[in-house]
Amino acid sequence: MKRVVVLDYGSGNLRSAERALARVGADVTVTSDFDAALDCDGLVVPGVGAFAACMAGLSGVFGERIIARRLAGGRPVLGICVGMQILFARGVEHGVETEGCGEWPGTVERLEAPVLPHMGWNTVKAPAESELFAGLDAGTRFYFVHSYGVREWELHPGDGFREPLVTWAEHGVPFVAAVENGPLKATQFHPEKSGDAGAVLLENWLKTVP
């Protein structure tokens, strides 16, 4: 059984993530403990609310250091919703720019859509090679709740560099719905609120956890 920590840094949605991961066979602990988060088989970074508030909470438990050290050792991390957004370089909300973890370049900004927040079920366009979406057809819907997202992917391949797999969705404008980058993976939608489809995705993620 894979040991998974859901990182508690003051953001919400912890218990639903815990239940969803337990449902697919993980041994789950919800904690802010530095060593536990560093040593577990897989780390999940959830997040709801404002980018700046989530970054402040993450810094309060040395979350940036935990994520960076895990990735340096090739150890899996899964970001969910704002837990995905904070992995990017910056977030801009109400004209205020906040520095993110910087694992990927790019800006989290307000979506341009007739109705915000983007709340409800939506389809995604995943690459054929995706591990997270294996076994899920193109019409599968996932549950989103957000007004901000990454509208432009800024990391491109160079010599000896394998480009991450990027999944897209659309609400008014296209935005990044998921990223698969070696041990670092993330979803803008909530797999823990996405029923059977979300369970398949979390099970697929667990399969990538050594």
Side-chain angles (χ1 to χ4, degrees), residues 6-21 30 44-59 63 77-126 130 132-133 136 138-154 166-180 184-202 205:
V6 176
L7 187 62
D8 182 0
Y9 61 98
S11 180
N13 212 40
L14 302 174
R15 297 303 168 186
S16 56
E18 178 186 23
R19 288 192 297 269
L21 287 157
V30 177
V44 174
V45 182
V48 295
F51 187 103
C54 283
M55 277 305 302
L58 191 72
S59 296
V77 175
L78 175 66
I80 295 175
C81 196
V82 184
M84 171 181 126
Q85 295 178 1
I86 58 176
L87 297 170
F88 285 87
R90 67 193 67 83
V92 179
E93 295 178 341
H94 308 296
V96 177
E97 181 172 320
T98 303
E99 186 176 342
C101 293
E103 296 296 338
W104 299 311
T107 301
V108 177
E109 56 190 333
R110 189 173 175 86
L111 300 179
E112 293 182 3
V115 177
L116 289 174
H118 173 214
M119 180 182 297
W121 299 84
N122 202 351
T123 57
V124 302
K125 295 180 180 179
S130 170
L132 285 181
F133 295 92
L136 295 166
T140 301
R141 293 180 178 272
F142 298 90
Y143 191 78
F144 291 83
V145 184
H146 65 119
S147 297
Y148 293 79
V150 175
R151 291 161 43 187
E152 183 178 350
W153 180 253
E154 298 181 15
V166 182
T167 293
W168 293 87
E170 188 166 329
H171 181 70
V173 292
F175 63 88
V176 175
V179 183
E180 298 169 66
L184 182 58
K185 297 178 173 64
T187 66
Q188 175 62 68
F189 56 84
H190 289 274
E192 77 282 5
K193 296 182 178 180
S194 296
D196 291 341
V200 170
L201 185 139
L202 290 174
W205 176 70

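For clarity, every value in this text was computed on a predicted model and none was experimentally measured. Values below: all heavy atoms of this structure, side chains included; hydrogens, waters and symmetry mates excluded.
- When all heavy atoms of Gly47 and Cys81 are compared, the pair lying nearest together is O-CB, 3.3 Å.
- Residues Arg151 and Leu111 come closest through the heavy atom pair CG-CD2, 4.1 Å.
- In plain terms, the two heavy atoms of Gly63 and Leu7 that are nearest each other are CA-CD2, 4.4 Å.
- The minimum heavy-atom distance linking Val44 with Pro46 is given by the pair O-CD, 3.4 Å.
- Atom CG of Leu184 sits about 9.0 Å away from atom CG of Leu78, to the nearest 0.5 Å.
- Atom CG of Leu201 is separated from atom CG of Asp196 by 12.5 Å, given to the nearest 0.5 angstrom.
- In this structure Trp153 satisfies the side-chain hydrogen bond (donor to acceptor under 3.5 Å, both in side chains) test with no other residue, sequence neighbours excluded.
- Atom-to-atom distance recorded for Leu136:CG and Thr123:OG1 is 12.5 Å, nearest 0.5 angstrom.
- In this structure, His190 contributes its side chain and Glu192 its backbone to no donor-acceptor pair below 3.5 Å.
- With Ser11 contributing its side chain and Val48 its backbone, the two residues share a donor-acceptor pair below 3.5 Å.
- Between the side chain of Tyr148 and the backbone N or O of Ala50, no donor-acceptor pair lies under 3.5 Å.
- Proximity of the aromatic rings of Phe133 and Phe142 is defined here by a centroid distance below 6.0 angstrom, and this criterion is met.
- Aromatic rings from Phe144 and His118 are positioned such that their centres are separated by under 6.0 Å.
- Annotation for Val176 and Gln188: closest pair O-CB, 3.6 Å, computed over non-hydrogen atoms.
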Worked check of side chain to side chain donor-acceptor pair (under 3.5 Å) between Arg90 and Thr107: CA-CA 5 Å; Arg90 67 193 67 83; Thr107 301; 2.9 Å; yes

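- In this structure, Asn122 contributes its side chain and His171 its backbone to no donor-acceptor pair below 3.5 Å.
- When all heavy atoms are compared, the tightest approach of Tyr9 to Val45 is CE2-CG1, 3.9 Å.
- Residue pairs satisfying the salt bridge (charged side-chain N to carboxylate O under 4.0 Å, His left out) criterion with at least one member in residues 98-107, sequence neighbours excluded, are absent.
- The distance from the OG1 atom of Thr98 to the CD atom of Glu93 is 6.5 Å, given to the nearest 0.5 Å.
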Evaluation steps, side chain to side chain donor-acceptor pair (under 3.5 Å), between Glu180 and Ser130: CA-CA 8 Å; Glu180 298 169 66; Ser130 170; 2.6 Å; yes

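- A donor-acceptor distance shorter than 3.5 angstrom exists from the side chain of Ser194 to the backbone of Tyr143, with no hydrogens or angles considered.
- In this structure, Glu152 contributes its side chain and Gly106 its backbone to no donor-acceptor pair below 3.5 Å.
- How far CD of Glu97 is from CZ of Phe51: 9.0 Å, rounded to the nearest 0.5 Å.
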